[in-house]
Trainee: 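Supplied in structure tokens, the structure appears directly below.
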Amino acid sequence: MHGLLSNRRLQRLLPSGSWYVIAAPYLWLLLFFLIPFLIVLKISFANIVLAMPPVEPVFVWTQDQILQIRLHFSNFAFVFGDDLYIEAFLNSIKVAGISTLLALLLGYPMAYGIARAPNGWRNVLFLLVVLPFFTSFLLRVYAWLGLLGRNGPINGVLMHLGLIHEPLQLLQTDFAVYIGMVYSYLPFMILPLYSAIEKLDLNLLEAAADLGCRPARVFMKVTLPLTKQGIFAGCLLVFIPAVGEYVIPALLGGPDTLMIGRVVWDEFFGNRDWPVASALAIVLLVLLSGLVLLLQRVQARGEAIHE
Amino acid sequence: MNERRAGLVLGAMAVGFSFLYLPIFAMIIYSFNASRLVTVWDSANSPTLAWYRELFHNGALLDAARLSFKIATANATGAVILGTLAAFALERYRRFRGRAMFNLLTTAPMVLPEVITGLSLLLLFVALEQTMGWPRGRGAVTITIAHITFSMAYVIVIVKARLATVDRSIEEAAMDLGARPWKVFAVITLPLIASAIASGWVLAFILSWDDLVITSFVSGPSSTTLPQLVFSKVRLGVSPDINALATLLVLVVTACVVSAGIYMLQAERKRLHDAQMAFEESA
Amino acid sequence: MSEAYIRIEQLTKRFGEFVAVRQVSLEIAKGEVFCLLGGSGCGKTTLLRMLAGFEEPSEGRVTIDGVDVTHVPPYERPVNMMFQSYALFPHMTVEQNVAFGLRQDGLRRAAISSQVRDMLALVQLEGYEKRKPHQLSGGQRQRVALARALVKRPKLLLLDEPLGALDKKLREHTQFELIKLQEQLGVTFVIVTHDQEEAMTLATRIGVMRAGEILQVGTPADIYEFPNSRFVADFIGSVNMMAGRLTVDEADHARIDCPELGVSVYIDHGVSGPPDSSVSVAIRPEKIQMSAAKPAQPDNVVNGVISGVAYLGGATRYLVRLPTGLQLKVTAPNTHRHEENFQQDESVWLYWDGSAPVVVTR
């Protein structure tokens with residue numbers, strides 16, 4: 001147990017059971033997070049069979065004392081060979097990307113307004129942004145089912161105003177999915193933006209204006225670059241869960257709204273094809289990590305140029 | 001701020017906040033609608049409390065709510081214990097073998113798509129049942145384990161942030177005065193981070209109470225949580241009793257959040273006031 | 001000096017490649033107020049933390065009252081510390097803060113409350129028992145921190161910048177209170193500070209630190225009057241420092257050739273340095289006298305022109321430019337009101353005693 005803490009002094013200063021402080025959560029995460037993940041990896045190479053569980057073992061200890069490892073790459077070949085899956089991946093990225101952009105366009109001025117609001121108002125507005133986050137996600141998505149329905153209030157108002165003559169098909173469209181995504185993840189966009197804008201030194205803006213910079217230029221040259229961290233964090237917080245989202249496309253999207261979270265779900269529960277569902281999960285994870293790393297690199301490079 | 005930009009900002013805030021709140025208000029209003037066709041207002045018989053009455057006579061729904069509550073409570077407690085330990089380890093033990101891995105493991109559950117977390121945990125439970133005979137089938141226990149695993153990450157973030165603000169010399173002072181390390185943690189550190197732990201508990205509770213995707217993977221036929229029940233109902237279309245349920249939840253949460261907000265605001269004011277008094281007295 | 005009560009032997013602390021404290025040896029007597037003085041990053045705080053037990057020495061030993069405490073954890077040492085930030089427990093009252101240490105020792109309730117009461121009386125905090133730290137002013141917090149550290153009657157009290165967080169007016173008052181208290185209780189103090197004035201007023205002895213090493217240990221007067229190095233002379237107080245060469249070094253006098261000054265410096269004692277070696281001469285500004293007429297003494301006289309005058313209230317600080325271009329700092333006390341002071345651009349004579357210059361070789 002001594003090897004875990006490299007510093008002998010440290011060990012004496014911290015709770016004598018300091019090993020357990022680390023070990024309890026560490027073991028939990030190893031057992032319930034890392035190992036499951038390795039199992040997904042294993043099963044993505046397994047063959048489907050009609051049994052429970054519906055997979056063939058990957059590691060087989062044969063009678064002549066040989067460990068056989070049978071890796072079926074067919075699942076991945078299947079995933080990459082089928083346009084449906086590729087389309088689902090591409091569509092997920094498209095939907096998540098557009099939703100992130102929309103959330104940024106709406107969230108930035110909101111965050112700006114809250115950060116610059118008078119003192120008493122700021123806390124109230126902040127609370128108003130956080131509040132929906134605490135109410136059920138599922139029920140908030142559900143709320144749009146009623147609003148966007150054929151006989152729902154939105155169609156009602158539009159008809160009443162004479163803008164349309166028969167109800168629009170709003171539900172089960174990509175439009176509804178974008179609405180649901182932006183609606184659900186807007187608080188995640190606003191929170192990091194808010195803290196970035198709030199930290200912004202107002203003197204800098206005044207200095208820029210004092211030096212003859214016009215407001216639009218001040219925004220582009222000073223405010224935006226200085227809040228870049230917040231923009232980056234907000235976009236990641238919206239984009240990542242949006243890519244793998246299941247509930248929103250399932251409830252608001254149409255049958256042709258292909259998103260990867262939904263495809264994994266359907267493969268697993270609908271087709272009981274565990275290996276393909278696992279392979280899809282692996283590809284999704286690789287894709288997401290790749291995107292995050294890429295974004296981080298782009299940001300790091302931007303920073304380097306900036307300095 | 002110039003006029004045009006002020007207009008733009010105010011406009012965006014008006015649009016944004018109505019966007020955030022109109023659906024919720026619509027849901028509340030329709031929960032009092034007598035018509036079974038949710039979106040058609042039956043002005044003859046509305047408002048009515050019929051759907052609320054129905055809610056409290058729906059045995060399946062009450063069972064699901066009770067199960068969700070139990071799981072959420074157990075989850076929040078487990079997540080807070082493990083999360084606080086992990087936060088302490090990450091914040092206070094700067095160097096130990098495997099720290100980088102530990103750090104990764106504590107943040108990854110937050111960014112991993114829920115379908116992947118759910119799928120992987122189910123595969124683990126199946127594998128465990130095959131090899132060790134435990135857990136036998138899936139239900140409340142497996143759901144709780146799954147929830148702890150992902151909600152713990154959020155507790156870690158909250159508690160770690162608070163721990164970072166606790167002046168280390170306060171802990172050192174306690175040790176200097178003769179308190180042993182565990183005692184320092186119990187009587188000094190813990191009280192100082194108690195409110196962060198409480199926030200972590202509430203957040204973990206809500207995350208569990210609200211979770212559908214991960215739960216669906218790791219639940220068994222005998223355990224249906226409230227989100228699962230709501231989802232299966234809602235998939236078939238809007239339903240007035242769900243409006244009533246949503247209204248109740250919104251009211252409870254709003255009451256909690258608003259009172260917590262007011263409490264914090266008052267505590268802050270009192271602190272400022274006390275500091276002011278002390279200053280004036282000594283001047 | 002009585003025998004060593006606290007003995008520090010060859011104490012070294014490394015953080016990776018960086019050596020924070022290097023081979024420090026010190027002996028501190030019982031009842032002393034010892035000040036570790038130095039700039040930021042000189043290792044004084046690390047040394048203090050090793051005495052408290054928060055840092056494990058890489059090498060060396062610490063003994064207190066004959067007991068080796070080098071590897072004793074902080075909660076078992078007869079040492080208490082007053083932290084720079086005071087580190088009061090924010091969720092406890094003044095009373096609970098002060099009682100904390102006694103409670104860890106498992107004392108009886110009655111004994112604890114009477115000791116706490118006495119201690120609070122000693123630091124004049126009666127009536128504040130039920131207050132929380134945030135309801136106190138800076139000076140009151142400082143006294144709570146002091147009471148909390150003293151109530152256990154430690155063999156050694158460590159104070160990290162004890163007056164650093166107080167404003168100037170309060171600081172002077174508190175300095176004397178602190179010394180009074182120390183004399184009353186007879187506890188040995190080790191104080192860390194970067195403020196030389198604080199060190200001078202509080203300490204019985206000072207150790208000047210730089211880059212992890214102790215350069216000089218001595219009484220405040222020793223350190224001020226006989227600095228053993230250029231760094232110490234410069235760090236403590238204000239000084240005129242000139243490079244020179246040792247030309248005469250007899251038992252009863254010495255001479256140093258100082259091209260910067262234009263004349264040689266006469267010293268009324270031998271310095272026993274290697275002949276013809278390069279040295280530095282340090283002369284404190286208040287040891288230089290100034291007159292309009294040429295003084296009678298044969299040595300240590302230069303003339304110059306006043307290039308700057310700063311009236312400081314108690315004294316006046318002059319800058320005098322010599323024909324060589326060197327500027328000397330001269331401080332003259334303002335003993336009389338409406339005194340005829342010297343003016344800018346006035347030509348003056350400067351002279352000093354044979355005992356005024358200090359020769360340092362390092």
Side-chain angles (χ1 to χ4, degrees), chain A residues 3-7 13-16 21-22 24-26 28-29 32-37 39-40 43 53 106 109-110 112-113 123 127-128 131-132 134-140 142-147 149 151-153 183 186 215 240 243-244 246-247 251 261 264-265 268 277 281 284-285, chain B residues 1-2 5 8-10 12-13 16-17 19-20 23-24 26-27 30 38-40 82 85-86 88-89 92-93 95-97 102 105-106 108-109 111 113-116 119-121 123-124 126-127 145 149 181-182 185 206 210 212-213 227 230-231 234 238 242 246 249-250 253-254 257 261 265:
Chain A
L4 201 62
L5 285 172
S6 54
N7 191 329
L13 269 190
L14 298 166
S16 44
V21 172
I22 302 173
Y26 207 153
W28 181 284
L29 285 169
F32 295 116
F33 191 74
L34 189 66
I35 293 178
F37 195 68
I39 297 178
V40 174
I43 296 215
L106 181 59
M110 283 181 78
Y112 194 94
N123 286 330
L127 213 63
L128 280 177
L131 190 62
F134 285 108
T135 52
S136 169
F137 169 75
L138 183 59
L139 289 174
R140 280 189 300 132
Y142 158 79
W144 284 98
L145 272 181
L147 280 182
N151 305 316
Y183 179 66
L186 190 60
I240 289 177
V243 170
Y246 167 74
V247 174
L251 285 184
V264 172
W265 179 288
F268 192 85
L284 173 58
L285 191 80
Chain B
M1 218 187 301
N2 69 335
R5 181 134 46 103
L8 184 77
V9 166
L10 284 179
M13 280 170 72
F17 279 113
F19 180 59
L20 282 178
I24 295 174
M27 215 155 49
Y30 282 117
V38 179
T39 50
V40 180
L82 288 171
L85 290 178
F88 196 81
R92 290 292 191 254
Y93 306 171
R95 284 181 296 180
F96 58 87
R97 209 169 295 162
F102 190 40
L105 285 178
T106 54
V111 291
E114 286 180 305
V115 282
I116 299 185
L119 175 67
S120 65
L121 276 163
L123 295 182
L124 172 83
V126 170
I145 290 177
T149 306
W182 274 113
F185 182 75
I206 287 171
D210 212 20
L212 169 71
V213 176
V230 169
F231 187 65
V234 158
V238 279
I242 298 295
L249 279 181
V250 166
V253 167
T254 309
V257 170
L265 221 60

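Scope of the values below: all heavy atoms of this structure, side chains included, with no hydrogens, waters or symmetry mates. Labels below follow one simple rule: chain letters A, B, ... track the order of the sequence lines, proteins then strands, and each chain is numbered from 1.
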Trainee: If you count heavy-atom pairs under 4.5 Å between each of Leu186(A), Asn123(A), Leu128(A), Ile43(A) and chain B, which one has the most?
Mentor: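 Winner by heavy-atom pair count: Leu128(A).
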
Trainee: Measuring heavy-atom distances to chain A, does Ala86(B) have an atom under 4.5 Å in its side chain, in its backbone, in both, or in neither?
Mentor: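 Interface part for Ala86(B): both.
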
Trainee: When rounded to the nearest 0.5 angstrom, what is the spacing between CG in Leu29(A) and CZ in Phe102(B)?
Mentor: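 Leu29(A) CG to Phe102(B) CZ: 6.5 Å, rounded to 0.5 Å.
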
Trainee: Can you tell me how the ring of Trp144(A) sits relative to the ring of Phe19(B), calling it parallel under 30°, perpendicular over 60° and tilted otherwise?
Mentor: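 Geometry flag for Phe19(B) against Trp144(A): tilted rings.
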
Trainee: Please report the shortest heavy-atom distance between Pro109(A) and Val9(B), naming the atom on each side.
Mentor: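 So the minimum-distance heavy-atom pair works out to O-CG1, 3.6 Å.
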
Trainee: Quick check: closest heavy atoms across Ile22(A) and Ala89(B), and the distance to 0.1 Å?
Mentor: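 What the structure gives for the nearest pair is CG1-CB, 3.6 Å.
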
Trainee: Nearest 0.5 angstrom please: Leu131(A) CG to Ile24(B) CD1, how far?
Mentor: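 Rounded to the nearest 0.5 Å, the CG-CD1 separation comes out at 7.0 Å.
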
Trainee: For the atom pair CG (Leu105(B)) and OH (Tyr26(A)), what is the distance rounded to the nearest 0.5 Å?
Mentor: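 Those atoms lie 6.0 Å apart.
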
Trainee: Checking side-chain contact (heavy atoms from CB on, under 4.5 Å) for the pair Leu147(A)/Tyr30(B): CA distance, chi angles, key distance, verdict?
Mentor: CA-CA 10 Å; Leu147(A) 280 182; Tyr30(B) 282 117; 5.6 Å; no

Trainee: Which one of Leu285(A), Val264(A), Ile35(A), Val243(A) has the most heavy-atom pairs closer than 4.5 Å to chain B?
Mentor: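 Ranked by contacts with chain B, first place is Leu285(A).
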
Trainee: Got a second to check how far Ile242(B)'s CD1 is from Tyr142(A)'s OH, nearest 0.5 Å?
Mentor: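 Nearest 0.5 Å value for the CD1-OH distance: 6.0 Å.
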
Trainee: Picking from Ala281(A), Pro25(A), Gly244(A), Gly261(A), which has the most non-hydrogen pairs under 4.5 angstrom with chain B?
Mentor: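 When all of Ala281(A), Pro25(A), Gly244(A), Gly261(A) are compared, Pro25(A) has the most.
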
Trainee: What is the minimum heavy-atom distance between Leu139(A) and Ala246(B), and which atoms define it?
Mentor: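 Minimum heavy-atom separation between Leu139(A) and Ala246(B): CD1-CA, 3.6 Å.
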
Trainee: Looking at chain A, which one of Val115(B), Val230(B), Ile145(B) has the largest number of heavy-atom pairs inside 4.5 Å, strictly under?
Mentor: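 Most heavy-atom pairs within the cutoff with chain A belong to Ile145(B).
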
Trainee: Quick one: pull up CH2 in Trp28(A) and CG in Leu85(B) and give me the separation to the nearest 0.5 Å.
Mentor: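 Between Trp28(A) CH2 and Leu85(B) CG, I get 12.5 Å after rounding to 0.5 Å.
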
Trainee: Got a second to check how far Ile206(B)'s CD1 is from Thr135(A)'s OG1, nearest 0.5 Å?
Mentor: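 If we round to the nearest 0.5 Å, Ile206(B):CD1 and Thr135(A):OG1 are 9.0 Å apart.
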
Trainee: Just wondering, do Phe137(A) and Pro227(B) contact through their side chains at under 4.5 Å, heavy atoms?
Mentor: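 They are not in side-chain contact.
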
Trainee: Any idea which of Pro113(B), Gly261(B), Pro109(B), Ala108(B) has the most non-hydrogen atom pairs under 4.5 angstrom with chain A?
Mentor: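 When all of Pro113(B), Gly261(B), Pro109(B), Ala108(B) are compared, Pro109(B) has the most.
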
Trainee: Can you check whether Tyr112(A) reaches Met13(B) side chain to side chain, under 4.5 Å on heavy atoms?
Mentor: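 No, too far: nothing below the 4.5 Å cut-off.
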
Trainee: What closest approach, in Å, do Gly16(B) and Met110(A) show between heavy atoms, and which atom pair accounts for it?
Mentor: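 So the two residues come closest at CA-SD, 3.4 Å.
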
Trainee: Return the option, out of Leu10(B), Leu20(B), Leu249(B), with the maximum number of heavy-atom pairs under 4.5 Å with chain A.
Mentor: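 When all of Leu10(B), Leu20(B), Leu249(B) are compared, Leu20(B) has the most.
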
Trainee: Let me know if Ala127(B) has heavy atoms under 4.5 Å from chain A in its side chain, its backbone, both or neither.
Mentor: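 Side chain only.
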
Trainee: I'd like to verify something: which residue of Tyr183(A), Tyr246(A), Phe268(A) has the highest number of heavy-atom pairs under 4.5 Å with chain B?
Mentor: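 Greatest number of close heavy-atom pairs with chain B: Tyr183(A).
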
Trainee: At their closest point, which heavy atom of Ala12(B) faces which heavy atom of Leu106(A), and how far apart are they?
Mentor: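 Heavy atoms only, the tightest pair is O-CD1, 3.9 Å.
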
Trainee: Taking it one step at a time, do Phe185(B) and Val21(A) satisfy side-chain contact (heavy atoms from CB on, under 4.5 Å)?
Mentor: CA-CA 12 Å; Phe185(B) 182 75; Val21(A) 172; over 6 Å; no

Trainee: Who among Val250(B), Thr106(B), Leu212(B), Val213(B) has the most heavy-atom pairs with chain A under 4.5 Å?
Mentor: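 Looking at each option in turn, the highest pair count goes to Val213(B).
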
